[in-house]
Amino acid sequence: MWQSVLNNIGLGSPEDYVQPRLSIGNTVANQELSIGHFTVQVDAQALALIIRNMHGRIIWKSLHNQPFLSFTVGKDKITNGDNGVFKVTEIDERSTRLQTITKIVRENDSTIKIYGGLGIKLVPTTHMDYVFTLEAISNRQLRFSVEILHRDPIMEDFNRILLTYESRADEHFYGFGEQFSFASLKGQKVPILVREQGAGRGAPATSSLKEAAFSILGTYGLTDNFATYASVPQYISSDIRSLFLENSEYMSFDMTRPDRVTIRLESNKMKGRILDGKTMLDLLSEYTSYSGRMLRLPDWVSEGVIAGIQGGKEKIKDIIQHLHEHSIPIAAIFIQDWTGQRLQDAGKGMQFTRHWWNWESDDDLYPDWEEFVHELIKSGKDERKVRVLTYVNPLLSNVSIKPRYKRNLFVEAREKGYLVKTIKPASSEYHQEEETLSIRFGLDLEAGILDLTNPEARTWFKQILKDQVWNSGISGMMVDFGEHLPYDDQKIVLHSGEIASTHHNHYPEEWAQLHQEVIIELGKENEAVCFFRSGFTQSPGHMNLFWAGDQNVTWDQHYGIKSAVIGMLSGGFSGFSITHCDIGGYNTLSTSIPGMSMIRMRELLYRWMELAVFTAAFRTSEGIIPSLNAQFYDDDESYEHFAHTAKLFIVISKYRKMVLEEAYEKGWPLLRHPVFYYPNDSIVRELTYQQFMVGSSMMVAPVLAPSTAYVKVYFPKDAQRISWRHIWTGRYYAGDGTYKTVDAPIGQPAIFIKEPRDDDGLLNDLLEYATTYYQRKAKPVSR
């Protein structure tokens, strides 16, 4: 019994369990200090640190008699797989259990410092001195930081910070970048690491088969449900609370316990901000004032389809002709294989279509490239330009085995030292030799990656983009692979001397900034569109269009069409406000093994077209194996559905433009989770892909399951007694907190407009089109 008592007060042996606790010194107990519009209180009765806004509402609170700061020992395992895939295993061997608050110092009207100690036990001496700084940097932003001032020798290895604070069981968390499996992350532990999703993740019933199939490509399929191209240490909660970290090292947010949040940071210094606002949208505006708001999207993007077509000049010209014949307005042609096609052996008789990453036009597939681009631009009807978009990424593959090429950019960059390097395996601790890092993509493709910490490398590559990409007359490009910098402090060598684990999450920010600089230097800010799939905290301020990356050509929630909806909505909480997805998905798989093939069927393509109507850009994708997938150009029926959905996309362009103004000025997303407007509704908080808002006046419930011609729509109870008008039938549904079943046959996605109207009449064209379309469908066919 006495040993248990000694353990609980921190006097047992180092191996014995110590009950965590927070001790508050008499000199600081019950102090309440104001800094700016915030008050900070050390509450001796609650045994907690409490932060309130100017109205007295608690915006952050530590747990009763629990340390809000602790440090742990252990080396996490972050495995670099092929193709930008990373697998994370967290390891915590020991943790501090005791925290004291001994002193509070007001530095000025906006800053206070809280001093104290951390330890694993009271004796023998196992102690670290910390300072927790709080600084009001605006009326609604409170910056915090943690730093160790002194540590006893036995505590030298305690270099990982944990920040723990109070939550409620009913508080739901949204954001963390672009999450693809969950909308609300309550009950989850979310790792923050920019990485490739991997193509094998799927619904529980099929994940083992899909992972087995994609494992043919190395570790490409071995990921978890939180792997994402855009990972951000930030959230907004249904309790109107928000917090983010400014760090870039690996971290995780643990919300698995109902009463708390624990942020775990792989660093001994932490910095971040607590935000205040009246609504979730207010909090988003505050956050995007730091992260940056997405740039203006040119109006031409809403004027027609962006048709993704590969396969050479003649195929593209033929499809354009058919688009014109079906009166489908073309905003742009996206030619991803402009550098030439490279068939990649995936083993077991499988091949994938990749491209030569040498960033020059391919003379075999596209001879006279510049002339062809200008020919396409002039091919529009009614004096409209048909713009051309291409593709680029920060990787360079050696083209020495390619039959024809003009420059070998890989060799040039390697000789100039412009690629990320690695320590040679044979190097000793005392004599380390470096070589160019090689990143694997499956069985037979390797490439080097640009070192964006090298100013000369940035200048060199920017000039290549100007001379060999933009100079042809294009209007933009898909900007891929910002997530591929390996995460290995022991082997990766960067020009700046930064360690890879700190720079890894920053790489997509630098990659987006480089392209923004090129566009500004070329004076194309009002014309160009560059769409990205990877990002970190401050990426949005460098881009004008985001895309949801690669989905499987399936219906599932974790990697199919449903995941695209979840990703676009979750990204909206983290500043990725102007987004879209590949129409039809991308990852395709064909094998002779039953249950392992993934081939896009026509119904999925049609429903994905309907989903894309409400996004920022209406862009198709052929998928990684175009010949196996249903395409919009297969036959007249496909063209007709494409024309119909494209028309829907165009008729809401005026309304979309108004909503996008909110994205530019306030950081609010085009596609919005309903919880932005109904945070107290328990049903709304649990919604994932089932329905979403477009701005504040439109609600959509897409069909995301096969062989389905109806949807169940939830109409949240609204204090303003609004109703929702179904555009196809004109029926009104009251906002009374009930579910209703609504017909949604192919061609008639469930779209509702809020009544009384507050869209300034910008949706009149949609209502008129829907009425005409419905009447035409209802009219008997004369024989």
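Numbers here are sequence positions counted from 1.
- Checked against Phe176 for a ring pair (Phe, Tyr, Trp, His ring centres under 6.0 Å), the options Phe226, Phe253, Phe536, Phe244 give a single hit: Phe253.
- Side chains of Glu196 and Tyr229: a donor on one and an acceptor on the other come within 3.5 Å.
- A donor-acceptor pair shorter than 3.5 Å can be found between the side chains of Asp254 and Thr256.
- Residues passing the side-chain hydrogen bond (donor to acceptor under 3.5 Å, both in side chains) test with His172, sequence neighbours excluded: Ser184.
- For Lys754 (side chain) and Ser696 (main-chain N/O), a donor-acceptor pair under 3.5 Å exists by modelled atom type.
- Side-chain contact check for Arg293 and Thr288: at least one donor-acceptor pair (N or O, by modelled atom type) lies under 3.5 Å.
- Qualifying side-chain hydrogen bond (donor to acceptor under 3.5 Å, both in side chains) partners for Tyr165, counting only residues two or more places apart in sequence or in other chains: Tyr235.
- Screening residues 707-717 for side chain to side chain donor-acceptor pair (under 3.5 Å) gives Asp681-Tyr714 as the qualifying pairs, with residues at least two apart or on separate chains.
- A donor-acceptor contact closer than 3.5 angstrom links the side chains of Thr164 and Thr262.
- For Gln631, the side-chain contact (heavy atoms from CB on, under 4.5 Å) criterion is met by Arg600, Glu622, Pro626, Asn629, Tyr633, Asp634, not counting sequence neighbours.
- Under 3.5 Å, the side chains of Ser577 and Trp668 contain no donor-acceptor pair of N or O atoms.
- A salt bridge links Arg241 and Glu171; the closest N-O separation between the charged side-chain nitrogens and carboxylate oxygens is under 4.0 Å.
- Of the N and O atoms on the side chains of Glu178 and Thr228, not one donor lies less than 3.5 Å from an acceptor on the other residue.
- Every pair passing salt bridge (Lys or Arg N to Asp or Glu O under 4.0 Å) that includes a residue from residues 182-192 is listed here, sequence neighbours excluded: Glu90-Lys189.
- Partners of Arg195 according to the side-chain hydrogen bond (donor to acceptor under 3.5 Å, both in side chains) rule, which considers only residues two or more places apart in sequence or in another chain, are Asp224.
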